[in-house]
Amino acid sequence: MVGQAGDFIRDIVAAEAAAGKVVRTRFPPEPNGYLHIGHAKAICIDFGIAEEFGGSCNLRMDDTNPSKESMDYVEGIKRDIAWLGFKWDKLCFASDYFEQMYDYAVKLVGMGLAYVCELSSEDVRVSRGTLTEAGRGSPFRDRPVQENLELFKRMRGGEFPDGSMTLRAKIDMASPNLNLRDPVMYRILRVGHYRAKDKWCIYPSYDWAHGLEDSIEGITFSLCDLDFENHRPLYDWFLDKLEIHHPRQIEFARLNLSHTVMSKRKLMTLVEKRLVSGWDDPRMPTICGLRRRGFSPGAIRRFCSTIGVTKFNSLTDCALLDHCLREDLNKTATRAMAIIDPVKVVIENYPEGSTEMLEAVNNPEDPAAGTRKIPFSRELYIESGDFMDSPPPKFFRLSPGREVRLRYAYFIKCLRAVRDDSGNLVELRCSYDPETRGGNAADGRKVKGTIHWVSAAHSAVGEVRLYDRLFLEEKPDSEDYERLVNPESEKILLGCRLEPSLPQAKPGAVFQFERLGYFCADLKTHSPEKPVFNRTVPLRESWAKNRK
RNA sequence: UGGCCGAUGGUGUAAUGGUAGCACAACAGGUUCUGGCCCUGUUAGUCAAGGUUCGAGUCCUUGUCGGCCAGCCA
């Protein structure tokens, strides 16, 4: 019954639930774009609170403006929420309530609280006044009720051109809250609705529609972001005048994440300018982008609970997201070995043509994950960064004369580096110690370093895509995206060498490539014939920091 | 120059008039067949000034700074 760490909303809900109120919430996206990590925060709050208090949460498409909405977005939204692991009570559509909303509007007109206004949008803007000056009443403000009723009916009937009239609530043109200066309830819009088709040519505005949607569904807590704080008096006004079920609106701060952008418009710009490959580009903060990047639902939910719920406009460091990601993946990801920048190693004293199978642990954090066999042979690949001719102090890897452990295999010693005429490293000639099979020396001697490897002949060639933060700037607020996008946010590496089992991975499968990071088989392009892995997030690396 | 809302280490948050705590980040160390994980430690905070109170991060006043609002978007 009692939820997790109580934030200010949970405190309110807990108090009212204790007094007998049923907890019914809703998540109300407009189906005109894809969900992103900021929506995930709202989703976790809306669905999470309902769940914690034994209530329910509806998924409602707030489809009151047909110009940019579509069924594709509806499907995308449903898929993303389901993927996050939440179950909605009812799937609702604001468009299903249009008739009822119209009736309520007629009722309000009848009460003398709404009127048909013939001012142009420009004239409405001018007459609304400014932040410091009161507005002027519309010349149509005192139109008789009968005439309003008649005109409103004809608006619906399609007798007037788009934009020629609106239905406005009659509230207070001098209110310091501009939302109360006779807000528009209906506009004439001859645009086919993706569900209602051409049944309507008038559409309700957000302020008029939203409270009604909540009321009709019997919502008790209408949770939304801080932007709607100024709209709450209007939300309350409509419901009070109509004397219908009145949910409580509570606002919280939306999520801002460092080194990325979150608004639909900015995300759209990135897609349209081809600065990313699409809405599901692994660098995008969209749910589909994060999914393709290799995020788990658990990591996202953990992150959302870690950031909390407040009314403070904050900027969350993306390092916190990375932390939650690693925390989750460390426990669940199968380990594998892959070489993203290969250099060949020849073990001179290992018999030519022979192969042996060695046992490797699948996940040291989860014994139940078991072990697997990996092939070892005379020719291997290791990471080129794991070798240096003249290493600096505290370099624990390979260099001439030095011995390291090949993970789950043998100790090897570097005899010499072979270079071509231009000085490029061609291969490393090494020897191995047969007495160290499995990774431990019979004589008990230790090595400082353990490196990962794959057998040259048995490994698969694959593509690995390295991802990094989309923007270099913490808070990219200029529109100059071409210059702001991190040029190294995506690096495509070809000719990587993968452990033999990796090409068979199912698209979306997540691995930890030992010593490198977490990677997933790309959802769109990975295949056994042409393996493609995306780097979700690198492992923490204290060595790299020390070198600076 | 109107109204509403907010302000706690570098970042995100907790403390509901009674010892300012947690997490991330950073730094130092321990452990280790992943320079991962894990463990230990260090640095670092109540926007300001008044007031109420035995006692204020918390309540009051004023100020400062920040967010939102002048769509027939949501």
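Residue numbering restarts at 1 for every chain, and letters A, B, ... go by the order of the sequence lines.
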Assess whether one donor atom and one acceptor atom, taken from the side chain of [X] and the base of [N], lie less than 3.5 Å apart.
| X | N | answer |
| --- | --- | --- |
| A:E122 | B:G71 | no |
| A:N230 | B:C68 | yes |
| A:R397 | B:G35 | yes |

Note to self: Return whichever of A:T310 or A:F513 has its heavy-atom-nearest nucleotide of RNA chain B closer to the 5' end.
What the structure shows: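 Result: A:T310.
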Next item on the list: Map A:F396 and A:P29 onto RNA chain B by nearest heavy atom, then report which one ends up closer to the 5' terminus.
Entry: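 Looking at RNA chain B, the more 5' nearest nucleotide goes with A:F396.
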Margin query: So A:Y186, base contact, sugar-phosphate only, or nothing? Heavy-atom distance under 4.0 Å.
Written below: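 It contacts nothing in the nucleic acid.
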Check: Where does RNA chain B form stems of at least three consecutive Watson-Crick or G-U wobble pairs, each pair having both distances below 3.5 Å?
Finding: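 RNA chain B forms these stems: B:2-7 with B:64-69, B:10-13 with B:21-24, B:26-30 with B:38-42, B:47-51 with B:59-63.
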Taking the six-membered ring for Trp, are [X] and [Y] closer than 6.0 Å centroid to centroid?
| X | Y | result |
| --- | --- | --- |
| A:Y410 | A:Y432 | yes |
| A:W208 | A:F238 | yes |
| A:H210 | A:Y206 | yes |

Margin query: Given 3.5 Å as the limit, does a donor-acceptor pair link the side chain of A:R469 with the main chain of A:T260, or not?
Written below: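 Not a single qualifying donor-acceptor pair exists.
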Check: Any stacking of A:F312 on B:G6, going by centres under 5.5 angstrom and planes within less than 30 degrees?
Finding: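 No; by the centre-distance and plane-angle rule, A:F312 does not count as stacking on B:G6.
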Next item on the list: Mark this stacking check for A:Y206 against B:A74 as yes or no, applying ring centres under 5.5 Å and ring planes under 30°.
Entry: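 Stacking between A:Y206 and B:A74: absent.
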Below 3.5 Å between N/O atoms, which protein atoms pair up with nucleotides 62-66 of chain B? Just atom names and distances, please.
none

Next item on the list: Scan residues 152-175 of chain A against RNA chain B and write down, sorted by residue number, each residue with any heavy atom closer than 4.0 Å; if none is found, say none.
Entry: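 Only A:G163, A:T166 qualify.
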Checklist line | Interface residues of residues 59-73 of chain A with RNA chain B (non-hydrogen, below 4.0 angstrom) | finding: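 Correct list: A:D62, A:T64, A:N65.
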Item checked: Set of side chain to side chain donor-acceptor pair (under 3.5 Å) partners for A:S459, sequence neighbours left out ->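 Here the qualifying residues are A:R497.
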Next item on the list: Compare side-chain N and O positions of A:R232 against OP1 and OP2 of B:C5 and report whether any pair is under 4.0 Å apart.
Entry: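 The answer is no; no side-chain N or O of A:R232 sits under 4.0 Å from OP1 or OP2.
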Margin query: Holding to side-chain contact (heavy atoms from CB on, under 4.5 Å), I want the full list of residues that pass it with A:Y73, two or more places apart in sequence or in another chain.
Written below: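 If we apply the side-chain contact (heavy atoms from CB on, under 4.5 Å) test to A:Y73, skipping adjacent residues, the hits are A:P31, A:Y34, A:S70.
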